[in-house]
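Taking it in order: structure first as structure tokens, then the write-up.
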Amino acid sequence: MALRGRCLRFNQLLSSRHFSKFTSCVGVRSLSENVSSKPVTSNVPETTGDHLIYTQEHFALKESLRKIIDQEINPYVDQWEAEGKFPAHKIFKILGSAGFLGVNKPVEDGGLGLDFSYSVAVAEELGNIHCGGIPMAIGVQSDMATPALARFGSAELKKEFLIPSIMGDKVACLGVSEVGAGSDVSSIMTKAVRKGDEYVISGGKMWTTNGTQADWMCLLANTSDGPPHRNKSLICLPMNLPGVHIARKIDKLGMWSSDTAQVFFDEVRVPCKNVIGQEGMGFTYQMLQFQEERLWAVANVLTSMDNIIQETIQYTRQRKIFKQPVLYHQTVHFRLAELQTEVELLRSLLHRATALYIKGNDVTKLASMAKLKGGRLVREVCDSCLQYWGGMGFTSDVLVSRLYRDTRLMSIGGGADEVMLGIICKYMDTLPRK
């Protein structure tokens, strides 16, 4: 396929010294042109020599994605926020055709075959989208619903579900959380009972991102009555099957442009061949990808914090109070300096954890620390910056108020702060003895 050929060329060029050929292949400008034309949104170093883990190829990838964001997404965010949904099939097709939905997926499955640091770079760049909902939806497609399928799925399942998802032809959702089981994944109640060569699935899922638009779900269900960590399986479930009911589109505090559904399953029949990997290994597969999910989320929210701080600096520099710019008051510029310092510390933790992870190390503790700090820090940044916008900050007309709503989810979704603390304590060996 054309995409596969492009991916092969991409990887060959990554290993060559002819960077100019690489930038020509992916259709991006030179780095010097890139840096001079970007709006000022971040203090992140933009040169290879200054960066701990990024190379010229990382920056070229980011610039290519930024062009898509500026041309195809940001001009329509306000409209999609008002409508409560963005056109997932359209946007995912654009991203998939450019390779951004399978950055670290195998080349033979249509991905770019790059290491996870490139996914982190993509996540950072997606933070330049003017809302939280669309980056979250993209992350579900690229780094939550498809990793287990890429690692453990059969060739037949990859052909039917993975490759179309990477190319943007199908929208995926992840079916893990339930009404009574969020961060405690082992407590899910949805059952998949084997009858002949089919599973009969009954139950329901909650907080399903992309749920009203998805073509298929990566579903976690109990496939036996065994121990809760060994009785679950991941199943590829087409969303158009009889018995799949979208109960409602959930109204949320934030993330308005991302559709979130409650889904019920009424004796839905799925072929047993749709199980990903081994039956009973679903919980383990799900746990394996949490390191990547949490690092991805931190990378994404870092850019949001950079943008909020920079926009607040620009606004307070021109907004006057008591005959001088708000920014010139010591309490304001000192506070912004404190916040940017905290952001840089979190960035260092993210890049350290990423560097260790791509070398094969277990970074569960560091990823949990980064997720915990990211969720708490973005709340602090949004709240502090919104205060300096005064009455404007309490309107829906500015980015800071939107991200104030959207980023509150960071401390809840993907493992609540309290769960992160429990994981960290486990690695510190400070939990009470049983």
Side-chain angles (χ1 to χ4, degrees), residues 132-133 135-137 139-141 143-148 172-192 201-212 214 217-223 227-235 237 245-256 258-265 282-298 300-301 364 367-376 378-379 405-426 431:
M136 178 178 68
V140 167
Q141 178 92 355
D143 287 81
M144 297 182 193
T146 51
C173 64
L174 181 65
V176 174
S177 295
E178 300 180 2
V179 173
S183 295
D184 183 9
V185 177
S186 64
S187 296
I188 66 166
M189 300 298 291
T190 298
K191 291 185 177 182
I201 300 172
S202 300
K205 295 296 175 179
M206 193 69 167
W207 320 118
T208 309
T209 300
N210 301 336
T212 70
M217 173 185 287
C218 180
L219 171 74
L220 186 68
N222 296 314
T223 48
H229 295 153
R230 297 196 295 273
N231 73 336
K232 294 169 175 54
S233 301
L234 286 173
I235 301 169
L237 184 147
H245 302 291
I246 308 299
R248 63 186 175 116
K249 177 177 173 290
I250 300 170
D251 290 329
K252 309 182 297 296
L253 171 68
M255 304 293 194
W256 292 350
S258 172
D259 58 297
T260 307
Q262 182 176 16
V263 185
F264 289 121
F265 310 109
F283 183 88
T284 300
Y285 296 159
Q286 192 62 40
M287 294 300 107
L288 285 174
Q289 68 188 54
F290 274 155
Q291 293 183 79
E292 293 187 4
E293 285 185 22
R294 288 163 183 166
L295 293 175
W296 194 100
V298 173
N300 184 247
V301 81
T364 300
S368 301
M369 289 175 168
K371 170 70 164 56
L372 172 69
K373 182 62 176 178
R376 292 183 170 182
V378 74
R379 285 149 61 188
R405 299 189 309 267
D406 288 355
T407 58
R408 185 59 182 85
L409 181 62
M410 179 74 176
S411 285
I412 301 171
D417 282 2
E418 293 74 18
V419 174
M420 297 302 100
L421 287 166
I423 294 171
I424 296 165
C425 288
K426 180 180 178 181
L431 291 174

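One is the number of the first residue; the rest follow in order along the sequence.
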| query | With T190, which residues qualify under side-chain hydrogen bond (donor to acceptor under 3.5 Å, both in side chains), at least two apart? | reply | E178
Over all heavy atoms of both residues, which pair between [X] and [Y] is shortest? Give the atoms and the distance, please.
X: S177; Y: W207; answer: CB-CD1, 4.0 Å
X: Y285; Y: A148; answer: CB-CB, 4.2 Å
X: Q289; Y: D143; answer: NE2-O, 4.3 Å
X: L431; Y: C425; answer: CD2-CB, 3.6 Å
X: L220; Y: F283; answer: CD1-N, 4.0 Å
X: C218; Y: A145; answer: CB-O, 3.5 Å

| task | Nearest 0.5 Å please: distance from the CZ atom of R408 over to the CE atom of M255. | result | 11.5 Å
| task | Answer with yes or no after comparing the ring centroid distance for F264 and H245 against a 6.0 Å cut-off, counting only values under it. | result | no
| query | Judged by atom type as modelled, is there a donor-acceptor pair below 3.5 Å linking the side chain of K191 to the main-chain atoms of T223? | reply | no
| request: May I ask you to decide if I188's main-chain N or O and N222's side chain share a donor-acceptor pair within less than 3.5 Å? | output: yes
| query | Which is it for L409 and M136 under the side-chain contact (heavy atoms from CB on, under 4.5 Å) test, yes or no, and what are the steps along the way? | reply | CA-CA 10 Å; L409 181 62; M136 178 178 68; 3.6 Å; yes
| request: Mark yes when over 12 heavy atoms from residues, nucleotides or ligands other than M287 sit less than 6.0 Å from its CE; otherwise mark no. | output: yes
| Neighbour count above 12 (heavy atom, 6.0 Å) for K426 NZ | no
Testing the 3.5 Å rule here: is there a donor-acceptor pair between the side chains of [X] and [Y]?
X: R379; Y: S411; value: yes
X: K252; Y: T260; value: yes
X: D184; Y: S186; value: yes

| query | Side chains of V263 and M206: closer than 4.5 Å at any heavy-atom pair? | reply | no
| query | Checking side-chain contact (heavy atoms from CB on, under 4.5 Å) for the pair K371/L295: CA distance, chi angles, key distance, verdict? | reply | CA-CA 7 Å; K371 170 70 164 56; L295 293 175; over 6 Å; no
